Protein chains: 2
Amino acid sequence: MDDQIALLFEETRAMHATAVETLLRGLLGDRPLDGEVTRPPRLMAAIRHGVLNGGKRLRPFLVMESAALFGLSGETPLRVAAALECIHCYSLIHDDLPAMDDDDLRRGQPTVHRAYDEATAILAGDALLTFAFDMLSDSRLLLSDTARLGLIAGLARAAGMGGMVGGQALDLEAARTNPGEDGVLTLQAMKTGALLRFACEAGAIMSGAREAERERLAEFGTAIGLAFQMADDLLDLTADAATVGKATGKDAGAGKATLVGLHSEGWARGQLAGLVRQAEELLQPFGADALMLRAAAHFIADRRS
Amino acid sequence: MDDQIALLFEETRAMHATAVETLLRGLLGDRPLDGEVTRPPRLMAAIRHGVLNGGKRLRPFLVMESAALFGLSGETPLRVAAALECIHCYSLIHDDLPAMDDDDLRRGQPTVHRAYDEATAILAGDALLTFAFDMLSDSRLLLSDTARLGLIAGLARAAGMGGMVGGQALDLEAARTNPGEDGVLTLQAMKTGALLRFACEAGAIMSGAREAERERLAEFGTAIGLAFQMADDLLDLTADAATVGKATGKDAGAGKATLVGLHSEGWARGQLAGLVRQAEELLQPFGADALMLRAAAHFIADRRS
């Protein structure tokens, strides 16, 4: 990716990340909202630990930029972006649990169950998952009722038993079931693909865009989801823990099937390049407006951590 | 409660329970819905184990009967009832986990993490929590968009960090923090009260009833929530595990503060009777239409398991 575009991408990503973190810091304070009884301080601290941890905020970026394609900016897409980030963060908190991936570190910091305790980590995840739907049904989200319900329906289906949660279940079984290439593709499409796909669709849902445009953005999301996973598998193979900020080499050690493992590093790099090309082609009709989404595809393929 | 009313209550409860279980059995099958990639069979089996276990379905009963007050019956309130039951069942699955209450039995059957494994139990809970919002945003719910969004907002707030999840967090801390009477009341209002309150409000939200009617039903829900907890604490004190179908005497053993423990059994029985009277008074304006909700208050106070 061109150096100047890379710089612009990085600035834009950082800007959206700051905005979403500011919003979430405000919403996840100790003070109860209307209709809440009280907010337990220790639970809230654990939630903030799991959310306000300097993540790249890739999903919020995709929501903001897919919204911008349809002329939407500001508080409303930001709230949608923050809701999606709550789902992503809850999934990380639960995936890190001893019963799941048993990780001590996340982005160089102790995971929530290490910093607090296991029960609090489970509840922090449950609370964040629930809060995502609270945010999307909030009347401060200035969208038509149809758009709000479309976002809730889309997010629930992407995140649930037939999407992200189901993908994590398949991933945990993978060491035992040894899924082939199709099986790995399915579990990745669910575990990481579904949320990225939803992030890219979100702008179209918010603006009530034509079905064809929504589908095109969803396909873009699918392509970058596959690229994301491929890059992740390559990172796990080649990077060291200090760079990535979490344990690496775990997949190979755990005997987890990855596409890189089923083929070769060279094959994977070729596939990754092909996915980026495919993602770029899908954005063609949006012309120059899609500059930042195009840059996101490159960022995902090239990332070093 | 009059024997004939008790019989009618039991028949009505069983009827709603069967209807909600039939609906959930259909929705929680292995076949993916539109927009889902696939449904992992083992995860789905764990979910069904946690849901289709012969629960009393008290919350669905309250949803159906509060809807009936406003002339609503059939598939639509049933779907709302089922969504709420998914939230209740997820909370039981997570509460039973080793890191939380560490229970092996639930309604006389192995808990989900005992029948499957801990990771699957965590994911089954996450999936059910997410699915509740899927159901409420589903277009098969024949309600106005405003009513659907009102249900989603109300359920999210009742179930989240300032409601049920926060209550469970406070309950886990209680052995260490030794909350006084106010603290116990707060945690109970969150842990069990919030969902029962929402169940009773649901009919008013669905039908777009006046705010005063919604508030009255919410207060009824609060009263029976308090009664429910009082009856639970009394049961824990006096019943044996075979009758209740789960471990008893645990609260006292774990040094958990309960109102019964802070006062006496006699005091608690007096309070319970007062709460039932209060609940009945709140239903007065609904006249004979509220017969089944009145019976529910008695059932909650008198239950033996």
Side-chain angles (χ1 to χ4, degrees), chain A residues 32-40 42-44 47 90-91 94 97-100 117-123 125-131 133-134 136-139 145-146 148-150 152-163 165-170 172-173 186 189-190 193-194, chain B residues 32-40 42-44 47 90-91 94 97 99-100 113 117-123 125-131 133-134 136-139 145-146 148-150 152-163 165-170 172-173 186 189-190 193-194:
Chain A
L33 306 177
D34 279 353
E36 291 182 336
V37 181
T38 185
R39 288 184 162 191
R42 190 159 184 279
L43 176 66
M44 296 313 300
I47 288 171
Y90 116 72
S91 78
H94 280 190
L97 285 166
M100 304 258 230
D117 56 74
E118 226 177 301
T120 304
I122 295 168
L123 293 172
D126 293 345
L128 279 169
L129 165 49
T130 311
F131 195 64
F133 294 103
D134 188 314
L136 292 181
S137 59
D138 193 302
S139 55
D145 285 355
T146 311
R148 287 198 282 161
L149 284 165
I152 292 164
L155 181 59
R157 209 142 284 188
M161 50 190 79
V165 170
Q168 174 69 359
L170 290 176
L172 289 169
E173 286 176 14
T186 298
M190 295 167 77
Chain B
L33 306 177
D34 280 353
E36 291 182 337
V37 181
T38 187
R39 288 184 160 189
R42 192 160 182 278
L43 175 67
M44 296 312 300
I47 288 171
Y90 116 72
S91 78
H94 280 190
L97 284 167
M100 305 259 228
H113 69 273
D117 57 75
E118 229 178 299
T120 304
I122 295 168
L123 292 172
D126 293 345
L128 279 168
L129 165 47
T130 312
F131 195 63
F133 295 102
D134 187 313
L136 292 180
S137 59
D138 192 302
S139 56
D145 285 355
T146 311
R148 287 198 281 161
L149 284 165
I152 292 165
L155 181 58
R157 209 144 283 188
M161 51 189 78
V165 170
Q168 174 69 0
L170 290 175
L172 289 169
E173 286 176 15
T186 298
M190 294 167 78

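Quick caveat: nothing in here was measured; it's all calculated off a predicted structure. Below, chains carry the letters A, B, ... as their sequence lines are ordered, and counting in each starts from 1.
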- Message: I'd like to check the salt bridge (charged side-chain N to carboxylate O under 4.0 Å, His left out) partners of A:D134; sequence neighbours left out, ordered by chain and number.
- Response: B:R157
- Message: Heavy-atom pairs under 4.5 Å with chain B: which of A:L136, A:D126, A:D145 has the most?
- Response: A:D126
- Message: Looking only at heavy atoms and a cut-off of under 4.5 Å, which of A:G160, A:G193, A:A158, A:A169 has the most pairs with chain B?
- Response: A:A169
[X] and [Y]: which non-hydrogen atoms are nearest, and at how many Å?
X: A:A119; Y: B:A99; answer: CB-O, 3.3 Å
X: B:T130; Y: A:A156; answer: CG2-O, 3.3 Å
X: B:H94; Y: A:I122; answer: ND1-CG2, 3.8 Å

- Query: So, do A:M100 and B:L123 sit near enough that their side-chain heavy atoms are less than 4.5 Å apart?
  - Reply: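 Sidechains of B:L123 and A:M100: in contact.
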- Query: Do B:D117 and A:L172 come close enough that some side-chain heavy atom pair is under 4.5 Å?
  - Reply: no
- If one checks every heavy atom of B:S91 against chain A at 4.5 Å, the contacting part turns out to be neither
- Message: Out of B:T146, B:L155, B:D34, return the one with the most heavy atom pairs under 4.5 angstrom to chain A.
- Response: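 Heavy-atom pair counts peak at B:D34.
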- Task: Identify which of B:G150, B:P40, B:G166, B:A189 forms the greatest number of heavy-atom pairs closer than 4.5 Å to chain A.
- Result: B:P40
- Go through the steps for B:I152 and A:L149 under the test side-chain contact (heavy atoms from CB on, under 4.5 Å), then give the verdict. CA-CA 9 Å; B:I152 292 165; A:L149 284 165; 3.8 Å; yes
- Given a strict heavy-atom distance threshold of 4.5 Å, which part of A:S139 is in contact with chain B: side chain, backbone, both, or neither?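 Answer is neither: A:S139 stays 4.5 Å or more from chain B.
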- Item | Side chain, backbone, both or neither of A:T120 within contact of chain B (heavy atoms, under 4.5 Å) |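 Neither part.
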- Can you tell me how far the CD atom of A:E36 sits from the CE atom of B:M161, to the nearest 0.5 Å? 7.0 Å
- Message: Using 30° and 60° as the class boundaries, would you call the ring planes of B:F133 and A:F133 parallel, tilted or perpendicular?
- Response: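 The arrangement is parallel - the two ring planes meet at less than 30°.
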- Item | Residues which pass side-chain contact (heavy atoms from CB on, under 4.5 Å) with B:A121, listed by chain and number, not counting sequence neighbours | B:I93, B:L97, B:V112, B:H113
